Amino acid sequence: ELCLEIGGRLTADGEVLEPLTSKEIEQTVENIKSLKPEAVAINLLFSFVDERFEKELESAINKAAPAVFTSRSSEVLPEYREYERGIATWLNASLGPVVSRYLVNLNSRLGNCPLAIMQSSGETLSASAAASRAVNLLLSGPAAGLTALKYLGEQLGESRFISFDMGGTSTDVALLDGDLIITNEGSIAGYPVAVPMVDMHTIGAGGGSIAFLDSGGMLQVGPRSAGADPGPACYGRNGNEVTVTDANLVLGRIPESASLAGKFKLDRQAALRCIAPLAEAAGLDETQVALGIVQVANEHMAAALRMISVQRGYNPEDFVLTCFGGAGGLHVCALAEAMGMRRAIVPLNAGVLSALGMLVAPQGRQFSHTVRMKAEKVQDREIELAFSALVEQGMLELESDGQLRDELQQESSIDICYAGQSSTLNIPWLGKTRTTEWFHRLHNERYGFSLARGLEFVNLRVRISGPQRTLDLVGSRSSEPVNKISK
């Protein structure tokens, strides 16, 4: 009942099948006034080919209802695939008013202090720009952690990492092979989110994951979590279900004398009381059940690590395992052994590693546009002209955020597929000949075959970024920025 139909229909080639009339615009604006929405998402067919109808409609809504947040698909995600483009635009409209109010309030409290916001792709952008691009912030926390890990790797002379970020409710796993791996095929809560974001896999295994016996008497852990309130039983907040944190405390892997956040003590007896019914039902003692809980949680995480490494053709032995998040250090050694990895790194203050990532992340943005060209029919010059338009758009937007053009760097890539395929591979643009050769090679590595078939250039992608900040991580209290664990 909140979807409004309108004209302005284009063909895939940009031909106008049905014009957008002023009468339709007026009627739509009146309907919006009656519905009184907080935000409007505009998503017209093939608007990535020609955005004029969407812009015309957006302008009319903004004039008639300036308090309504508008989200336009040709700005949020100017790419083919109507459903993905529509979902991204809807998510942006859904979150936009909340994010915008928060950032306006935060900016007013900070006064003259500059404010930058982390994006899911590993760069920051100004608060004013972030207010209209909420969909680009969905994985900002995990992206910041991976940005920090890349920065630490540069200090250590390491570039290949497999990471796991274990918090209270979930664990995020990712692979870094020289740089952050960015995907445009991510999903959150079942929704496809086709904007650029770090490529990671999330599972429901965290410190607060609840252990239970299933109907067959098998011990299970997660994905249900005790959350922050009441949290694990040992937090002393009336939690009555045993969690991974409780199991680690029972096993002595968390010292009973430890105080969390410098304030409250852990309650081992509360953890034992909650684990006792589970132990009785399983016919084991409390220590055996606690060990089983930790082992099951470890196996969940190991399976996720295999998914982003072995199943994609990477050998874990060639990488360094790195943990962060509040619970990562408790499981890093067991996971290294399970993966056959010889080296692991535990960063200092791993629980707040994402904060470091936000400090060192460069300011930048990623831009894309669908072109859909047959590779054999297009010349380098035509592609490079299209890239130039995206680069200029990016330069202007970064300059408006206070960046100097001479300090900005650009990276161009292109999504390619075999003719007739729908799935693409993203390849750095090195000219048509070298880029297509790279595609064939990568397709063979990824899927085990390549085809003697024509190629299609689908989406152009450009990353514009400013200089990376540098920090001296060697302080007076320590001569090493990280603690290393060697197997």
Side-chain angles (χ1 to χ4, degrees), residues 164-171 173 203-214 217-228 230-305 321-341 344-347 350-351 483 485-487:
F164 72 101
D165 178 0
M166 186 178 184
T169 60
S170 64
T171 296
V173 299
I203 60 170
S209 294
I210 293 170
F212 63 97
L213 296 181
D214 63 18
M218 185 73 72
L219 180 64
Q220 304 286 354
V221 177
R224 198 163 59 90
S225 173
C234 62
Y235 283 10
R237 294 183 175 178
N238 299 318
N240 56 12
E241 295 182 281
V242 64
T243 68
V244 175
T245 297
D246 295 312
N248 276 314
L249 181 61
V250 168
L251 293 172
R253 299 181 180 186
I254 301 176
E256 190 174 357
S257 59
S259 57
L260 299 185
K263 291 190 285 187
F264 64 92
K265 299 289 185 181
L266 296 174
D267 188 345
R268 187 171 186 270
Q269 292 306 311
L272 284 169
R273 284 194 299 272
C274 285
I275 206 172
L278 203 62
E280 183 178 357
L284 301 170
D285 63 36
E286 286 85 351
T287 301
Q288 290 173 316
V289 171
L291 184 60
I293 291 170
V294 171
Q295 289 173 337
V296 171
N298 284 342
E299 183 51 39
H300 285 328
M301 289 184 282
L305 292 173
L321 183 64
T322 308
C323 70
F324 50 100
L330 290 162
H331 300 263
V332 62
C333 294
L335 290 177
E337 292 179 356
M339 299 296 293
M341 300 175 73
I345 292 176
V346 181
N483 292 332
I485 295 177
S486 295
K487 181 180 175 183

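These figures come from a predicted structure and were not determined experimentally.
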### Query
Thr171 and side chain to side chain contact (heavy atoms under 4.5 Å, CB included): which partner among Met301, His300, His331?
Met301
Could you state the interatomic distance from [atom1] ([X]) to [atom2] ([Y]), rounded to the nearest 0.5 Å?
{"X": "Gln269", "Y": "Leu249", "atom1": "CD", "atom2": "CG", "value": "9.5 Å"}
{"X": "Cys323", "Y": "Leu335", "atom1": "SG", "atom2": "CG", "value": "9.0 Å"}
{"X": "Thr245", "Y": "Ile254", "atom1": "OG1", "atom2": "CD1", "value": "5.5 Å"}

### Message
Evaluate Leu266 against Tyr235 for side chain to side chain contact (heavy atoms under 4.5 Å, CB included), listing each step before the verdict.
### Response
CA-CA 6 Å; Leu266 296 174; Tyr235 283 10; 4.0 Å; yes
### Query
Is the backbone N or O of Val250 less than 3.5 Å from a side-chain atom of Arg268, with the two atoms forming a donor-acceptor pair by type?
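Looks like yes, one N/O pair under 3.5 Å.
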Name every donor-acceptor pair, under 3.5 Å, that has one atom in a side chain of residues 273-291 and the other anywhere in the protein, sequence neighbours excluded.
from   : atom 1 : to     : atom 2 : distance (Å)
Asp285 : OD1    : Thr287 : N      : 3.1
Asp285 : OD1    : Gln288 : N      : 2.7
Gln288 : OE1    : Asp285 : N      : 3.0

Where [X] and [Y] come nearest, the two heavy atoms and their spacing:
{"X": "Leu251", "Y": "Val294", "answer": "CD1-CG2, 3.9 Å"}
{"X": "Gly292", "Y": "Leu219", "answer": "C-CD2, 3.5 Å"}
{"X": "Ser209", "Y": "Gly204", "answer": "OG-O, 3.3 Å"}
{"X": "Thr169", "Y": "Gly227", "answer": "CG2-CA, 4.3 Å"}
{"X": "Cys234", "Y": "Ala271", "answer": "CB-CB, 4.2 Å"}
{"X": "Ala226", "Y": "Thr243", "answer": "CB-CG2, 3.9 Å"}

### Query
Just wondering, more than 12 heavy atoms not from Asp214 lying within 6.0 Å of its CG?
yes
### Task
Could you name each residue pair satisfying salt bridge (Lys or Arg N to Asp or Glu O under 4.0 Å) that touches residues 237-254, not counting sequence neighbours?
Arg224-Glu241
